[in-house]
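None of these values were measured; they are calculated from a predicted model. The chains referred to below are lettered A, B, ... by the order of the sequence lines, with proteins before strands, and numbering in each begins at 1.
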Number of protein chains: 2
Amino acid sequence: MVTIKDIAKATGVSPSTVSRVIADNPRISPDTKKKVRKAMKKLGYHPNIHARNLVAKSTKAIGVILPSSADKALQNPFFPEVLRGIGSVTHKEQYTMMLSSGQTEEEILAEVERMVYGSYVDGMILLYSRMNDPVTQFLREREFPFVIVGKPYENISETTHVDNDNFSAGKEITEHLIEQGHKKIAFIGGARDLFVTVDREEGYKAALDEAGLENKEAYQIHTEFLKSGGREAVESLLALETPPTAIVISDDLISLGVLSMLEDSGLHVPKDISLVSFNNVYLSEITRPALTTIDIQIYELGAQSAKALIEKTVNKKEPAKRIIIPHNVIYRESVSEYKSE
Amino acid sequence: MVTIKDIAKATGVSPSTVSRVIADNPRISPDTKKKVRKAMKKLGYHPNIHARNLVAKSTKAIGVILPSSADKALQNPFFPEVLRGIGSVTHKEQYTMMLSSGQTEEEILAEVERMVYGSYVDGMILLYSRMNDPVTQFLREREFPFVIVGKPYENISETTHVDNDNFSAGKEITEHLIEQGHKKIAFIGGARDLFVTVDREEGYKAALDEAGLENKEAYQIHTEFLKSGGREAVESLLALETPPTAIVISDDLISLGVLSMLEDSGLHVPKDISLVSFNNVYLSEITRPALTTIDIQIYELGAQSAKALIEKTVNKKEPAKRIIIPHNVIYRESVSEYKSE
DNA sequence: CTGTTAGCGCATTCAC
DNA sequence: GTGAATGCGCTAACAG
């Protein structure tokens, strides 16, 4: 391993000079800078982060916390995509990205504690948001920089987060359905304890209200992201005496399941029933018909969160921010006009 | 920040004793251990990794390299799942996991160099395998510990990797089709420069050969993982004068697209045509019909690779290993018996 | 069984 | 503009 001393010896200057060259200290003569840099390249010098961090107190690393991996939601293509977004800026800023999952909430908390106490990272990005989350609490108490992707449950105004305007998104997409003549519109969402779901649903309701449409309780169902649980719910929805002619679904992944079920029951999308959803994950292009969905710019969600976090870590007094990533409707083939009989 | 000294002072012992307690050195009396540990807990001591690593030369961290993120393949649910597997063992072993993506090959190489030269990590897991990969080459030259998930392109016997027996998997699943009476079986695979694809295809061919079935060139097509490129290919396959009655598809994700296309063309799976694929990603349960697929145990692939890597980093002389994770067929509804006319 | 000493690689005073 | 000295927090000899 080639150290600062080695290159000091090689160039005949002192270690501190080399250190200053690395930091690009303006008080070093251009000549020696050039000389030193040449030697660094020639000998293949690379700074040792541990030594550097030990003294500098900054790790140039951020931690990314995934939801507990017991959570099937992890399978959502959402995550690789945020990770990509985060990675793009950490890379550009020469930051390092530490990933932490954990099967249970306790495991996650333990990892987070280790990371902050052991000074592994300068800040954290939470890829989930839960009520009474011990991790969030811990971070807040220690005043450790963090940002949430999504909507915080508590202290919203004091915690910087990057999110979509899910209410508006829900409203817009529902309005699109209404414009197409639909009047009986259902909503299928994931677990109700997620803000995303709730917000999107509120938007859906608001659109119905504004259009003077009936807001039927029976039209709103909540089901697990994946798997069978939802089957019965959807079936009962279709068995209603006046079944919906269109459905707003809170996540592309759920749409996939619903789509299959529908076709299974002999209902064709969009001929017999229309479908819209959210996220614009690659899946939504592959399905037949391709899904009309809201693009929430997942990549950008990640990139912006990383940017905000890094800002926060370099300037501890950076105020809490709320960053809203714009969304837009991607029109594809899962919606058709409804002609009232 | 509470250091070793603080707790030394608090308990009236020397810093080294505290250090020894941390390392659980057997030559420390149970009494002082207890005393010291109590103080650590009380004062909230947590070791500073940077200090520790600076002297100990081991980072207790591993790097995980994703394929270049330009690659759409990153969207494959395969990745979150391997990550989960890796995370489970890093967590258990108190290791840390650093993630690195990068848009281009050069970016990735740069990150890897930074990681090894800056002694960020003790070893790396590569989640891809490519011909003439500069990263692999670099790691090999520097004799830096790494393991590949998948099959290495060069020096197979000298590089430890964890993989499935994709040849057998391809053979078995094809045999299943043959047992069901199918004689005209096609193969749809991803890019041909991936070993996974090739191996699975070879297995498919071997099964045909053994059964004395014709191995038609026109029955084998290769298409991008996602998107439209494949549409025409599949359509031409169906337009053949004797179209296949069953298709082996190299990845669940591709199956999803093919499935939609098929239903689109009015062909019902499995009534009109049977489908089998690989990976057993959660998607394969959701589709209608649910896919008969090969479970390759992605989670285990990740976990074993992490285990192997950690072993290798603690014992540098650990010989190169090849770890084969068993697969098994998951029978679902995308296959039906073929009754020859 | 425990304390003392030294040093890991680097950034940063303080001198000159 | 540059060098010498100091210390970050910890582990690892070497003593005793």
Side-chain angles (χ1 to χ4, degrees), chain A residues 1-37 39-40 43-61 94 96 114-122 314, chain B residues 1-37 39-40 43-61 94 96 114-122 314:
Chain A
M1 159 152 281
V2 27
T3 79
I4 252 184
K5 280 188 196 163
D6 296 320
I7 96 107
K9 225 166 276 173
T11 47
V13 300
S14 80
S16 30
T17 300
V18 178
S19 175
R20 285 193 260 256
V21 172
I22 294 170
D24 203 17
N25 188 315
R27 309 195 309 190
I28 297 290
S29 79
D31 269 16
T32 53
K33 272 193 187 171
K34 205 160 293 178
K35 196 171 54 177
V36 169
R37 292 214 175 100
M40 296 201 304
L43 302 193
Y45 170 80
H46 288 261
N48 178 313
I49 22 146
H50 301 299
R52 188 207 294 263
N53 295 341
L54 189 53
V55 27
K57 251 64 188 153
S58 139
T59 66
K60 297 259 270 173
Q94 298 254 63
T96 278
R114 200 163 61 95
M115 283 184 153
V116 346
Y117 285 133
S119 69
Y120 282 80
V121 296
D122 292 341
V314 309
Chain B
M1 161 154 278
V2 25
T3 78
I4 249 183
K5 279 187 194 163
D6 296 320
I7 97 105
K9 225 166 276 173
T11 47
V13 300
S14 80
S16 35
T17 301
V18 177
S19 175
R20 285 192 262 257
V21 172
I22 294 169
D24 202 18
N25 187 316
R27 308 193 310 190
I28 298 288
S29 80
D31 269 17
T32 53
K33 272 191 186 173
K34 204 161 293 175
K35 199 171 51 178
V36 169
R37 292 215 174 98
M40 294 200 306
L43 302 192
Y45 170 80
H46 288 261
N48 178 313
I49 22 146
H50 301 299
R52 190 210 292 265
N53 295 342
L54 189 53
V55 27
K57 250 66 189 146
S58 140
T59 65
K60 297 261 266 173
Q94 299 253 64
T96 277
R114 201 164 60 95
M115 284 185 150
V116 345
Y117 284 133
S119 69
Y120 283 80
V121 297
D122 292 341
V314 310

Whether the B:T59 and B:N53 side chains hold a donor-acceptor pair (N or O, under 3.5 Å, no angle test) is what I'd like checked. no
In whole Å, what is the span from the CG atom of B:N53 to the P atom of D:dC8? 18 Å
For the pair made of NZ in A:K57 and C1' in D:dC8, what is the distance, rounded to whole Å? 5 Å
Under 4.0 Å, counting only non-hydrogen atoms across every strand here, what does A:V13 touch: a base, just sugar-phosphate, or nothing? sugar-phosphate
Are B:S19 and D:dG9 close enough that a side-chain N or O sits under 4.0 Å from OP1 or OP2? no
Select base, sugar-phosphate, or nothing to describe what A:P15 touches, counting heavy atoms under 4.0 Å on all strands. nothing
Rounded to the nearest 0.5 Å, how far does CG of B:N48 lie from NE2 of A:H50? 10.5 Å
From the set D:dT2, D:dC10, C:dT4, return the single nucleotide nearest to any side-chain atom of A:T17. D:dT2
Is any side-chain heavy atom of B:K60 closer than 4.5 Å to a side-chain heavy atom of B:R52? no
Do the side-chain N and O atoms of A:S16 and A:S19 include a donor-acceptor pair separated by under 3.5 angstrom? no
Distance check needed: C:dC8 C1' versus B:I4 CD1, whole Å only. 15 Å
CZ of A:R52 versus P of D:dG9: gap in Å, rounded? 18 Å
Position toward the 5' end of DNA chain C (nearest nucleotide), B:S29 or B:L54: B:S29
B:P47 side chain, from C-beta outward: closest of D:dG9, D:dC10, C:dT2: D:dC10
Pair of N/O donor and acceptor under 3.5 Å linking C:dT4 base with B:S16 side chain: yes
Whole-Å distance between D:dA4 P and A:K5 NZ? 13 Å
Provide, to the nearest angstrom, the distance between the CD1 atom belonging to A:I22 and the P atom belonging to C:dT12. 11 Å
Between C:dA11 atom P and A:R20 atom CZ, what is the distance in whole Å? 11 Å
Distance check: side-chain N/O of A:Y117 vs OP1/OP2 of D:dG9, anything under 4.0 Å? no
Find the distance B:I49:CD1 to D:dT11:C1' and express it as a whole number of Å. 16 Å
Can you name the closest pair of heavy atoms from B:A8 and B:S14 and give their distance? CB-C, 3.9 Å
Contact class for B:R27 (heavy atom, under 4.0 Å): base, sugar-phosphate, or nothing? base
